[in-house]
Amino acid sequence: MTKGTINVSVENIFPLIKKFLYSDHEIFLRELVSNATDATLKLKHLTNIGEAKVEYGSPKIEIKVDKDNKKIHVIDQGLGMTTEEVQKYINEVAFSGAEEFIDKYKDKVDDPGIIGHFGLGFYSAFMVAEKVEIITKSYKDEPAAHWICDGSPNFTIEPSDKTERGTEIILHIAEDSTEFLEDSRIRTLLLKYNKFMPIPIKFGTKEETLPLPEDAKKDAKPEKVRVDNIINNPNPAWTKQPTDLKDEDYKSFYRELYPMQFEEPLFNIHLNVDYPFNLTGILYFPKMTNDLNIQKDKIQLYQNQVFVTDNVEGIVPEFLTMLRGVIDSPDIPLNVSRSYLQADSSVKKIASYITRKVADKLKSLFTENREDFEKKWNDIKVVIEYGMLSEEKFFEKAEAFALYPTVDGSYFTYEELFNKIKAKQTDKDDKLVILYASNTDAQHSYIEAAKDKGYEVLLLDSPIVSHLMQKLETSKENVSFARVDADHIDNLIKKDDTKISKLSDEEKATLDELLKETIPSEKFMVQLEPMDSNAAPFIITQPEFMRRMKEMQATGSGMFGMGNMPEMYNLVVNTNSALVGEILNTKTKKKQERLISQSLDLARLSQGLLKGKELSDFIKRSYEMIK
Ligand code: ADP
Ligand code: MG
């Protein structure tokens with residue numbers, strides 16, 4: 001037996017390791033299974049190139065929990081280590097690796113989530129174990145070695161009688177870590193970190209029912225056998241070539257990733273690049289709701305099939321964090337803080353590659369099957385609009401597939417829309433006015449008024465669309481968006497023809513006086529307009545600018561302080577309408593006031609503004625009238 005002291009400058013490295021990674025103790029298992037996987041893949045390589053003249057077979061990794069003896073075993077059938085190799089790789093390399101790690105990260109304990117992403121390697125075993133044993137037999141024709149270390153820098157190493165090739169790591173679990181002796185905890189961890197690792201991982205056994213032979217008797221019972229319980233899928237879809245995968249394969253992989261998700265994804269994007277960086281993965285577009293926040297953090301980041309994190313902030317462009325799926329890249333530096341990450345040039349390249357791939361996919365979906373794309377638009381528009389707002393490159397590319405639906409269910413690209421409406425909807429100052437509604441029911445009468453003029457009305461109802469309109473207004477020339485209820489339709493798209501008023505100036509003054517007496521000025525700005533005689537007599541409008549600023553502020557940015565402004569409405573009174581004529585000609589003041597209140601209430605009703613007591617009074621009054 002050889003005794004030795006591991007040569008480290010830090011007096012006792014183990015308590016330090018424990019302290020540093022306090023919240024990340026669980027990563028020990030990921031590290032040990034990764035090492036077992038590495039050892040197996042190395043052997044595969046050596047046999048492939050003829051360096052190792054042994055049978056590779058179909059090796060697996062086994063995890064065993066021995067609760068009674070407080071031990072966890074991690075067993076592999078990889079290349080193993082000779083005594084010299086244990087000395088070198090464990091006592092020297094792994095230790096110096098651990099030491100280096102601590103040196104580097106001791107100032108960063110406050111940066112949550114970083115340390116755990118970076119492998120501390122073999123020594124992370126001491127976060128949960130008070131003693132660790134390695135029993136290992138190399139593929140080379142040399143005796144097996146048995147290394148024991150009790151958590152101090154002292155170790156022993158002696159020959160062992162292990163005959164099968166590979167390595168067994170035995171952790172003697174410390175008193176404060178007995179949670180890891182629960183099968184359920186280990187299973188959860190294996191599923192979290194190792195679900196897609198490339199070597200089969202066995203954890204216990206399970207019962208399987210054998211199929212009945214063809215000539216089985218009618219009442220024959222199927223035979224049950226115990227088989228290895230393999231917890232991982234060693235060949236996940238993203239590691240395969242897109243040409244080898246069918247639509248159903250992508251869907252079933254989605255179910256594997258999100259077993260609790262019952263809705264199917266709308267489509268997927270297979271990422272596959274090896275220069276100038278290495279990246280594979282599959283992204284899925286799920287059905288989006290209008291709630292932007294709850295949809296994030298569903299993309300999983302892997303490095304060589306080892307799960308790292310599901311926070312891909314800084315790696316994937318913000319707007320794509322609403323997607324789902326996996327990204328696997330060994331080239332993403334994880335041992336840095338998030339802000340460093342965002343500044344890293346290779347990470348920037350990765351982000352722009354992903355953006356480009358997503359844009360290309362959307363474009364091809366649009367051109368290959370426009371009808372289907374239109375059907376999906378409502379479920380994906382939030383991501384696309386968000387992308388157009390936040391990534392200039394994406395904004396440019398989206399020109400080809402971003403859609404603008406109308407209230408009648410037609411879908412236009414911007415260019416199509418432009419060509420369709422430019423003749424009719426260009427105002428006297430040569431500005432193109434794009435009309436839209438946000439709710440076809442609430443704005444029904446305004447939509448009808450616009451349609452009567454032969455105008456197109458878009459239906460724009462996603463939460464960030466006000467920001468997008470703002471962006472389009474500044475990036476396109478001479479274009480403005482106006483919601484149909486922002487003003488009377490003749491004012492929204494001003495043409496040169498001046499309307500002739502039926503009222504004399506004197507009558508107008510009288511009317512103005514009358515209206516001001518009855519209508520609360522703090523709520524409505526009265527505006528007299530000579531309009532078509534068959535247009536509504538009273539119309540309530542809400543100026544575009546104020547309303548949009550308020551909306552923008554509600555979803556971030558916009559103008560500061562707008563959120564606190566009271567709602568402001570205009571009351572447009574059609575001086576050419578018959579009713580207004582009647583109001584003027586009515587003899588008694590009381591009757592005049594009643595006509596005005598009733599008309600105002602009707603206008604409020606059509607904007608959905610009549611509520612509570614005012615609504616009750618209105619209904620009561622209306623019943624009186626029809627009696
Ligand atoms: P890393 O995996 O980053 O090299 P580790 O600290 O995890 O660092 O492991 C140190 C070294 O110990 C490995 O590089 C490998 O040579 C050796 N090693 C660890 N576990 C095994 C194993 N199960 N089989 C063979 N060699 C191993
Ligand atoms: Mg390792």
Side-chain angles (χ1 to χ4, degrees), residues 195-196 233 235-261 263-274 277-289 292 294-332 341 346-366 368 372-373 376-377 379-388 390-391 393-394 397-398 401-402:
K195 193 172 172 187
F196 298 114
N233 168 4
N235 304 301
W238 83 82
T239 61
K240 297 177 186 166
Q241 286 302 315
T243 44
D244 295 338
L245 294 164
K246 295 195 183 60
D247 203 36
E248 187 42 49
D249 299 321
Y250 286 109
K251 282 184 181 152
S252 77
F253 181 59
Y254 185 81
R255 286 190 290 272
E256 207 178 326
L257 277 177
Y258 309 106
M260 306 307 267
Q261 190 69 41
E263 204 139 18
E264 296 227 309
L266 298 169
F267 49 85
N268 64 270
I269 298 155
H270 199 130
L271 306 168
N272 199 339
V273 59
D274 46 31
F277 50 83
N278 204 306
L279 180 125
T280 49
I282 300 174
L283 294 179
Y284 292 92
F285 263 77
K287 268 193 171 177
M288 299 288 165
T289 68
L292 298 175
I294 55 163
Q295 320 193 41
K296 290 189 178 181
D297 284 347
K298 291 278 165 49
I299 298 178
Q300 303 178 355
L301 178 67
Y302 288 76
Q303 289 200 333
N304 296 320
Q305 295 175 241
V306 185
F307 174 80
V308 180
T309 174
D310 51 16
N311 178 356
V312 292
E313 202 188 313
I315 298 162
V316 169
E318 166 93 7
F319 78 103
L320 294 176
T321 57
M322 285 185 273
L323 303 189
R324 305 217 171 123
V326 297
I327 288 174
D328 188 337
S329 175
D331 293 339
I332 297 169
L341 197 63
S346 62
V347 174
K348 272 192 190 147
K349 279 193 200 121
I350 289 176
S352 68
Y353 164 79
I354 296 174
T355 306
R356 198 178 66 237
K357 280 294 265 196
V358 170
D360 290 350
K361 177 75 181 192
L362 290 165
K363 188 175 172 185
S364 75
L365 286 169
F366 173 74
E368 276 158 30
D372 186 55
F373 190 80
K376 286 172 176 156
W377 178 254
D379 295 318
I380 60 174
K381 64 184 179 199
V382 180
V383 182
I384 296 176
E385 288 167 357
Y386 194 4
M388 290 170 76
S390 54
E391 302 280 328
K393 276 259 153 56
F394 190 79
K397 289 194 168 247
F401 54 77

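Computed from a predicted model, the values in this text were never measured in an experiment.
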Residues 238-245 side chain polar contacts: donor-acceptor under 3.5 Å, at least two apart:
unit_1, atom_1, unit_2, atom_2, d
Trp238, NE1, Asp328, OD2, 3.1
Thr239, OG1, Pro236, O, 2.7

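- Pro317 and Ala351 get closest at one heavy-atom pair: CG-O, 3.6 Å.
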Run the side-chain hydrogen bond (donor to acceptor under 3.5 Å, both in side chains) check on Gln261 and Tyr254 step by step: do they pass? CA-CA 9 Å; Gln261 190 69 41; Tyr254 185 81; 4.9 Å; no
What verdict does the side-chain contact (heavy atoms from CB on, under 4.5 Å) test give for Phe196 and Val306, after you've listed the backbone C-alpha separation in whole Å, the side-chain angles of each residue and the deciding distance to 0.1 Å? CA-CA 7 Å; Phe196 298 114; Val306 185; over 6 Å; no
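- Taking the centre of each ring, Phe319 and Phe394 come in below the 6.0 Å mark.
- Listed here is the closest heavy atom pair of Lys298 and Arg324: CG-NE, 3.6 Å.
- Checked against the 6.0 Å centroid criterion, the rings of Tyr250 and Phe267 do not qualify as a close aromatic pair.
- Heavy-atom minimum distance, Ile350 versus Ser329: CD1-OG, 4.2 Å.
- Salt bridge annotation for Arg255-Glu264: present, with a cationic side-chain nitrogen under 4.0 angstrom from a carboxylate oxygen.
- Using modelled atom types, one side-chain atom of Gln303 and one backbone atom of Ile332 make a donor-acceptor pair closer than 3.5 Å.
- Counting all heavy atoms, side chain and backbone alike, Thr321 lies closest to Ile299 at CA-CD1, 4.3 Å.
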Solution key, residues 359-366 side-chain donor-acceptor pairs under 3.5 Å, sequence neighbours excluded:
unit_1, atom_1, unit_2, atom_2, d
Asp360, OD1, Lys397, NZ, 3.4
Lys361, NZ, Asn268, O, 3.3
Ser364, OG, Lys361, O, 3.1

Can you list the steps and then say if Tyr302 with Val308 is a side-chain contact (heavy atoms from CB on, under 4.5 Å)? CA-CA 5 Å; Tyr302 288 76; Val308 180; 5.7 Å; no
